[in-house]
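Comments concern the structure below.
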Amino acid sequence: MSQLESNRVGPGMPRVPRFGRDFDSHRLRRLDDLTLGPHDLNVRTGSTPAVAPAGRLEVHTTRLSAESLYSETATVLGEKPVLPPLAAGGGKLRRLDQPVTAWAQREATNLPFLYPGVCFTPQDFHDFQVHKKSPTLLAAVAEIEAKIPNLRGVDASTAPLTPLAALLLECIQVVEKRDPFSSTRSGDVYDLIGNGLVSRGLAHFGQLFSTHNVFSQFDLQKLGPMGEGLLQSLREVVPAQRGLQAVLHRAELPIEPAYTDTPITREEVEAIRKVQPELLDQLVAEAPIPATLAPLEAVKALLPKDAFAGAHCVAVQHLLATNVTMFDAMVDRGLDPESTEIIGIPYSTNFVCEHALRQRGFDVMTPDVMDPSQVTDAYERTIGPALERALQKSKRDGKPVLLIDDGGKLSSYVAKHFSPQDALRFHVVEQTTRGLTELQSLDAIPMPAVNVAKSPLKQLEMPHIGEQVVRNVEDLCSSIGMGGVTAEPSLVMGFGPIGEGVANALRAKGSKVTVWDVDPDVRARARAAGFDCPEDRGEALRGKAVVVGASGHRSITREDLALLSNECVVASASSRDIEVDLTANHDQRVEVVPLLAAGRGDRRFTTRVWRFQDRDVVMLRNGFPINFDGDFETGTNDDIAPTRAAMMLGAAQALREKRPGLWDAAVEPQRQVAQAIGRELP
């Protein structure tokens, strides 16, 4: 493996710059001239960077808090978010180009990282030593040296050279004529590489043909065979993935992928609601929200028309397209939207789906949270009043309160804050393993609660989640120069249904997968499945390129970070925001670099690099679950629909249960649903 590809170092060892001394000295010369984009990281402080004793490049930054990281968006440049005038179809926005030139410069600078192998920068000629390492370019140089005795005595356009050699000769002639102290004698050709003319000629080419210091394969192909030859030379030596350090050194951070279908942001919704509210209705009309799902139709056939009639309801849910369909089905079986409050999970809400539920008469809100460490407090402020309102309604009319829970947030609040008598008014359906853990941690479960997390219908979803997690890890890492990382040694923390799916998906990518679980019996099951599973937790953490938390608990502590390899990628596959200790975000001893955002104005899914003294740790989406990105769904409708059906069945069962405690979801109705959709239960 070359120096440019990777230099992973062990604990306690200094990080080794990927580009060596020449690159670092170049970086030191140009850092103060770096122009940042509108999310200004304050890297350009006017202070002189220095190389620390450990050999790392020190950049003196002003730390940005999570609260302010994306709140200003482009207003640093006096620019307000642009309101798109119409929907683009499929519930997407057609976003206009930002008028501020800095946006174009910022995006152009990052194109080589977003589109590896397609976009290049003139600096690539220097950093990757194209003139010394590309066989195609070396052949062109040898051709010039063999056929052209004097640089000044030939017209490059008519010289007997191949197209690439002719292009190179023309660039060399320009720089040679400009240099009053040329190393050539009267234009004599000798050792063009050694005397620097080739590298300077390539630099001249970059100045002529790059836009915002970037050119693409299409720019080169427009030059015909000569451009094709240069493109081939670049591809021979510029790695498809340039590496994290290249991104940190040369990208304008945070990188925002130039995807046209970035999900609509909260800021856009709020602005549109004030200025052009009919656009939100149009987005809903065009959104891929299914009118019906076969498993839900099967459930409706099993339930009476009044299954949910009269009940008050409080729900904490991922506000995605199939959830909207589930609530539609529940309304068809008696649920009253005006008696229902829905609280969106901050890291997953699709704001078009949120508006779709409002259209239907539901009271809907999603707490505004950017940092997973703030989620619990945000829920306390939101859930408490909603449950109090539902309780008071129940006391007035004697009707039950249905809690559609995710992660035990609602049930835990009721158990901790309401009297046992009041708690009996609530009937819970819980869909996550984390929620079961919360319920089972209570001294007593004071209300009827139905366990959907372990239900057979929900298990149909599990294999797809692991594939989604690994696919999202790979996609994000590719955008930050770390493509292929999922084929390197990895660790999955937790070997439940999701963890097992993640481990299998990583193994399919070619990774040597290690599994750790607190339960010795589960570790034995992981070994039987062919995974490495050491008895020592520290041993499991060391030497991994990727670590995925899938336990439903705190699986990666602050102390664990000291055991991780340099440039280790960390992701959460939990349904909650608990897997990773994120206190490094607020530690003044740690340099926190926002690295990748989902799009302009995005405030939720920011990938960060924690720069410790001896290592970098990449925290994907800041610890929020990796398989959520604000889009309409995390997978396909067919993947998730059985879980929606299980929740609807469980909700009806919960209202029928009168005794407090945790109850298994009834299997027979699930079997009938599976039979109706042609599936077999596990």
Side-chain angles (χ1 to χ4, degrees), residues 345 347-348 372-373 375-376 405-409 412 430-441 451-454 458-459 461-470 472-473 489-507 511 513-529 531-542 544 546-561 563-564 568-584 617 619-628 634:
I345 295 176
Y347 54 79
S348 61
S373 65
V375 169
T376 299
D405 209 355
D406 186 299
K409 300 175 180 70
S412 297
E430 173 58 57
Q431 73 182 63
T432 68
T433 301
R434 177 63 196 176
L436 294 185
T437 302
E438 292 287 339
L439 283 167
Q440 292 166 347
S441 68
N451 169 13
V452 166
K454 302 296 184 181
K458 182 173 172 61
Q459 304 316 302
E461 174 193 2
M462 294 304 175
H464 305 289
I465 294 178
E467 295 169 2
Q468 293 164 14
V469 165
V470 173
N472 288 351
V473 169
S490 61
L491 168 66
V492 178
M493 305 291 282
F495 200 66
I498 293 178
E500 185 172 1
V502 173
N504 285 325
L506 283 167
R507 182 161 59 185
S511 173
V513 183
T514 299
V515 169
W516 170 261
D517 196 287
V518 295
D519 188 334
D521 293 336
V522 175
R523 294 201 296 273
R525 182 166 62 85
R527 290 191 199 98
F531 296 104
D532 182 29
C533 195
E535 289 299 317
D536 180 70
R537 188 171 180 277
E539 180 184 346
L541 285 160
R542 293 184 178 92
K544 303 302 184 294
V546 178
V547 176
V548 179
S551 68
H553 307 276
R554 175 59 50 77
S555 63
I556 302 168
T557 68
R558 181 65 185 273
E559 290 72 25
D560 290 339
L561 300 180
L563 302 177
L564 301 180
C568 181
V569 173
V570 179
S572 169
S574 178
S575 62
R576 267 200 67 180
D577 42 287
I578 196 171
E579 290 287 339
V580 185
D581 184 341
L582 299 174
T583 55
V617 174
M619 186 68 252
L620 296 182
R621 288 196 177 137
N622 197 32
F624 281 131
I626 190 68
N627 53 330
F628 294 100
T634 59

| What distance do D517 atom CG and C533 atom SG have between them, rounded to the nearest 0.5 Å? | 7.5 Å
| field | Side-chain touch S490/V548, heavy atoms, less than 4.5 angstrom | value | no
| request: Name all residues meeting the salt bridge (Lys or Arg N to Asp or Glu O under 4.0 Å) criterion together with D560; count only those two or more places apart in sequence or in a different chain, and write none if there are none. | output: R537
| said: Could you check whether any side-chain N or O of R525 sits under 3.5 Å from a backbone N or O of D521, counting only pairs where one atom can act as donor and the other as acceptor? | reply: no
| request: Grab the two heavy atoms, one from G466 and one from A505, that are nearest each other, plus how far apart they are. | output: O-CB, 3.6 Å
| said: Check whether Q431 reaches the backbone of N451 with its side chain - one donor and one acceptor, N or O, closer than 3.5 Å. | reply: no
| message | I'd like to check the side chain to side chain donor-acceptor pair (under 3.5 Å) partners of T437; sequence neighbours left out, ordered by chain and number. | response | none
| Which pair of non-hydrogen atoms, one from A453 and one from Q459, has the smallest distance, and what is that distance? | O-NE2, 3.0 Å
| query | Would a 4.5 Å heavy-atom cut-off, applied to side chains only, mark H553 and V518 as touching? | reply | no
| Which heavy atom of E438 sits nearest a heavy atom of S441, and at what distance? | O-OG, 2.6 Å
| request: Report the distance from atom CG of D406 to atom OG of S348, rounding to the nearest 0.5 Å. | output: 8.0 Å
| Spacing of OG1 belonging to T432 relative to NZ belonging to K454, to within rounding of 0.5 Å | 10.0 Å
| task | Grab the two heavy atoms, one from R542 and one from L563, that are nearest each other, plus how far apart they are. | result | NH2-CD2, 3.5 Å
| query | What pairs with E535 under side chain to side chain donor-acceptor pair (under 3.5 Å), at least two apart in sequence or on another chain? | reply | R523, R527
| message | List the residues meeting salt bridge (Lys or Arg N to Asp or Glu O under 4.0 Å) with E461, not counting sequence neighbours, and say none if there are none. | response | K458
| To the nearest 0.5 Å, what is the distance between CD1 (I465) and CD1 (I626)? | 14.0 Å
| Side-chain donor or acceptor of E430 paired with backbone N/O of G408 under 3.5 Å | yes
| said: Rounded at 0.5 Å granularity, tell me how far CZ in R434 sits from CD1 in I578. | reply: 3.5 Å
| request: To the nearest 0.5 Å, tell me how far N472 CG sits from L620 CG. | output: 9.5 Å
| Does D519 have any salt bridge (Lys or Arg N to Asp or Glu O under 4.0 Å) partners at least two apart in sequence or in another chain, and if so, which? | none
| message | If you define the side chain from C-beta out and look only at heavy atoms, does anything of E467 sit under 4.5 Å from N504? | response | no
| task | Mind checking side chain to side chain contact (heavy atoms under 4.5 Å, CB included) for A503 and listing every partner two or more places apart, or none if nothing turns up? | result | V492, F495, V513, V515, F531
| field | Any side-chain heavy-atom pair of M462 and I498 under 4.5 Å | value | yes
| field | Closest contact, heavy atoms only, V580 versus R554 | value | C-NE, 3.5 Å
| query | Is there a side-chain contact between E579 and I556 (heavy atoms, below 4.5 Å)? | reply | no
| task | Looking only at non-hydrogen atoms, find the nearest pair between L491 and A540 and report the distance. | result | CD2-O, 3.5 Å
